[in-house]
Number of protein chains: 2
Amino acid sequence: MPDAATVKGRATRARIIGGAAEVLREQGVAFTTLDDIRGRTGTSKSQLFHYFPAGKDELLLAVARFEADRVLEDQQPHLGRLDSWESWQQWRDVVVERYERQGDHCPLAALFLQVGRSHPGARAIVSELMRQWQQQLARGMRALRSNGLVSPALDVDRAAAALLAGIQGGVTIMMSTGDSTHLKAALDTGIEHLRASAGEPTAT
Amino acid sequence: MPDAATVKGRATRARIIGGAAEVLREQGVAFTTLDDIRGRTGTSKSQLFHYFPAGKDELLLAVARFEADRVLEDQQPHLGRLDSWESWQQWRDVVVERYERQGDHCPLAALFLQVGRSHPGARAIVSELMRQWQQQLARGMRALRSNGLVSPALDVDRAAAALLAGIQGGVTIMMSTGDSTHLKAALDTGIEHLRASAGEPTAT
DNA sequence: TCCGTTCTGGACTTGCTGGTCCATTTTCTG
DNA sequence: CAGAAAATGGACCAGCAAGTCCAGAACGGA
């Protein structure tokens, strides 16, 4: 898997992935050529194919992995410590801020569509990301439950799945409309749903 | 706007759009060429450019419009009559069924990414669809409120935005993972949230 | 220092695909 | 029926972008 046998080689490979990620965010997958990536990363055609022998698809997949890793990292440390209402709120703010900054680009979605469902590796990346994300949300909900902040009857896994869906959809809609209202609504309503499950009255 | 001056012309144009929509669903935008569309629709190159002078982008945009129109239509008449818990449930089932049938293709998302944010018309289509969809959900919630089924304090617009986000995200996740769990969770949790706002106890 | 491996540069090929063009047929109008 | 306008067929073009190739430079181990 480590496609470089040398320190220098690994550095180049990393530079290619990072640079490609930049270009892809700026131009979108559909409008990015290998030459664009070559230009940005200061590499030559042969380097691209040296590190990604299978060509463009392999490179795109590597970028997808790279981006997927960032997604959860960017939400830390908050996502890992969802054990109080304050920490949920902080996490919520970080998510909103992160995606508002990202604007109307979702590198992952684009990458996925380009590489295609046919490719075995593409699905795995997204599936794994979603699994981990949901798992962390569920863990936070269980922490709340341990602290007696939400009802023991709450179906944690379903609530986590719903919240995750809301986030994804909020981001999707923001990409299309440029408006983060839906993302915020999904997050706030989701958290509110947790609060309500504790019987705590909800202030709108 | 009506780019055809003749009955025959309009028919051909419609055939092109419909056929293109099929091909795009099957192969994905990234892998569909004008020749594929030409083959499927039994037309010639000159016809394609006769009805869509601006070329491929214009055609894709027309298909996007076509697909967007179907989205809400497919949810009728349920989406228009969300005035009882039963009707909400029916609508929910229709949505799940529709997207499970559609499988892992979201023509709109793909189209949008391909045509690009740059294109002025692309955003408008999606924005308008989201606006209408959310509006219908909100109307349904107001109907519930009129019938005393949900709390008057419910922030209808926010709840509708959150529910819509959940649906979008559920579909997105399903496209990536092939699993409709998240979509169902989002729908069920959203409806449950409405129910809870009425003070009605929630069965899990 | 020497030799094999890795890394790099960049010219070149090749196939595809969007788009053009014009001749021909069909349809509408009066 | 005649002439114009619309619709159609399909050959052709041009550019682009992915991928190939090989020569040469840098590097690492003995």
Side-chain angles (χ1 to χ4, degrees), chain A residues 1-20 23-24 26-64 110-111 113-116 118-119 122, chain B residues 1-20 23-24 26-64 110-111 113-116 118-119 122:
Chain A
M1 196 64 58
D3 270 338
T6 288
V7 192
K8 192 181 179 186
R10 275 187 294 275
T12 303
R13 191 185 142 94
R15 196 173 77 244
I16 292 174
I17 294 180
V23 182
L24 288 168
E26 291 168 17
Q27 310 185 353
V29 197
F31 308 106
T32 299
T33 73
L34 288 184
D35 258 10
D36 293 332
I37 296 173
R38 214 183 45 64
R40 174 71 60 107
T41 58
T43 50
S44 66
K45 221 47 170 312
S46 66
Q47 281 172 292
L48 259 34
F49 282 86
H50 180 71
Y51 294 105
F52 306 94
K56 197 181 189 184
D57 279 1
E58 190 183 353
L59 172 54
L60 290 181
L61 216 56
V63 175
L111 252 13
L113 285 170
Q114 184 71 15
V115 173
S118 50
H119 198 112
Chain B
M1 194 64 56
D3 269 339
T6 287
V7 192
K8 191 180 180 187
R10 276 187 294 274
T12 302
R13 191 185 143 94
R15 195 174 76 243
I16 292 174
I17 294 180
V23 182
L24 288 168
E26 289 168 20
Q27 312 186 349
V29 196
F31 308 106
T32 299
T33 73
L34 288 184
D35 258 8
D36 293 332
I37 297 174
R38 211 182 45 64
R40 174 71 61 106
T41 59
T43 50
S44 67
K45 225 38 172 318
S46 66
Q47 281 173 291
L48 258 36
F49 283 86
H50 179 71
Y51 294 105
F52 306 94
K56 198 180 189 186
D57 280 2
E58 189 182 352
L59 172 54
L60 290 181
L61 217 57
V63 175
L111 253 13
L113 284 170
Q114 184 72 15
V115 173
S118 50
H119 198 111

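Owing to the predicted nature of the structure, the values given are computational and were not obtained by experimental measurement. Keep in mind that the numbers below use all heavy atoms, side chains included, and drop hydrogens, waters and symmetry copies. The chains referred to below are lettered A, B, ... by the order of the sequence lines, with proteins before strands, and numbering in each begins at 1.
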Would you find a donor on one side and an acceptor on the other, under 3.5 Å apart, between the side chain of B/T33 and the backbone of B/D36?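 Yes; judged by distance alone, with no hydrogens or angles, the pair exists.
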Among the candidates C/dT8, D/dT8, D/dA18, find the nucleotide nearest to the side-chain atoms of A/T12.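 Shortest atom-to-atom distance from the side chain points to C/dT8.
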N/O contacts under 3.5 Å, protein versus nucleotides 24-30 of chain C?
none

In whole angstroms, how far is the [atom2] atom of [N] from the [atom1] atom of [X]?
X: B/R13; N: D/dA6; atom1: CZ; atom2: P; answer: 15 Å
X: A/H50; N: D/dC22; atom1: NE2; atom2: P; answer: 17 Å
X: B/L60; N: C/dG18; atom1: CG; atom2: C1'; answer: 12 Å
X: A/L48; N: D/dC21; atom1: CG; atom2: C1'; answer: 16 Å
X: B/I16; N: D/dG9; atom1: CD1; atom2: C1'; answer: 13 Å
X: B/R15; N: D/dA7; atom1: CZ; atom2: P; answer: 12 Å
X: A/L59; N: D/dG19; atom1: CG; atom2: P; answer: 10 Å
X: A/D35; N: C/dG10; atom1: CG; atom2: C1'; answer: 11 Å

May I have all residue pairs that pass salt bridge (Lys or Arg N to Asp or Glu O under 4.0 Å) and include part of residues 44-55 of chain A, sequence neighbours excluded?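 Not a single pair qualifies under salt bridge (Lys or Arg N to Asp or Glu O under 4.0 Å).
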Side chains of [X] and [Y] in contact at under 4.5 Å (non-hydrogen atoms):
X: A/R40; Y: A/E26; result: yes
X: B/L111; Y: B/L61; result: no
X: B/F52; Y: B/I17; result: yes
X: A/T12; Y: A/T6; result: no
X: B/L34; Y: B/F49; result: yes

Between residues 36-45 of chain B and DNA chain D, which residues have a heavy-atom gap below 4.0 Å?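 Only B/S44, B/K45 qualify.
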So what does B/T33 hit on the nucleic acid, given a heavy-atom distance under 4.0 Å: a base, only sugar-phosphate, or nothing?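 Sugar-phosphate only.
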Out of curiosity, B/I37 CD1 to B/I16 CD1, how far, rounded to the nearest 0.5 Å?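 Those atoms lie 9.0 Å apart.
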Could you give the distance from OG1 (B/T41) to CZ (B/R15), rounded to the nearest 0.5 Å?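 That separation rounds to 6.0 Å.
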Within the pair B/Y51 and D/dA6, is there a side-chain N or O less than 4.0 Å away from OP1 or OP2?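 Answer is no, no contact under 4.0 Å.
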Return no unless some side-chain N or O of B/Q47 is found under 4.0 Å from OP1 or OP2 of D/dT8.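 So the side-chain polar atoms of B/Q47 do come within 4.0 Å of the phosphate oxygens OP1 or OP2 of D/dT8, strictly under.
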Looking at residues at least two apart in the chain, or sitting in another chain, which of them share a side-chain hydrogen bond (donor to acceptor under 3.5 Å, both in side chains) with A/D35?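 A/R38.
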side-chain hydrogen bond (donor to acceptor under 3.5 Å, both in side chains) partners for B/S44, two or more places apart: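 If we apply the side-chain hydrogen bond (donor to acceptor under 3.5 Å, both in side chains) test to B/S44, skipping adjacent residues, the hits are B/S46, B/Q47.
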Decide yes or no on side-chain contact (heavy atoms from CB on, under 4.5 Å) for A/L24 and A/L60, but give the supporting numbers first. CA-CA 9 Å; A/L24 288 168; A/L60 290 181; 3.8 Å; yes
So which one's nearest nucleotide on DNA chain D is more toward 5', A/L34 or A/S46?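 Nearest-nucleotide comparison on DNA chain D picks A/L34.
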Considering the terminal five base pairs at each end of the helix from C/dT1-D/dA30 to C/dG30-D/dC1, what angle separates the two local helix axes, rounded to 10°?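 Inter-axis angle at the termini of the helix from C/dT1-D/dA30 to C/dG30-D/dC1: 30°.
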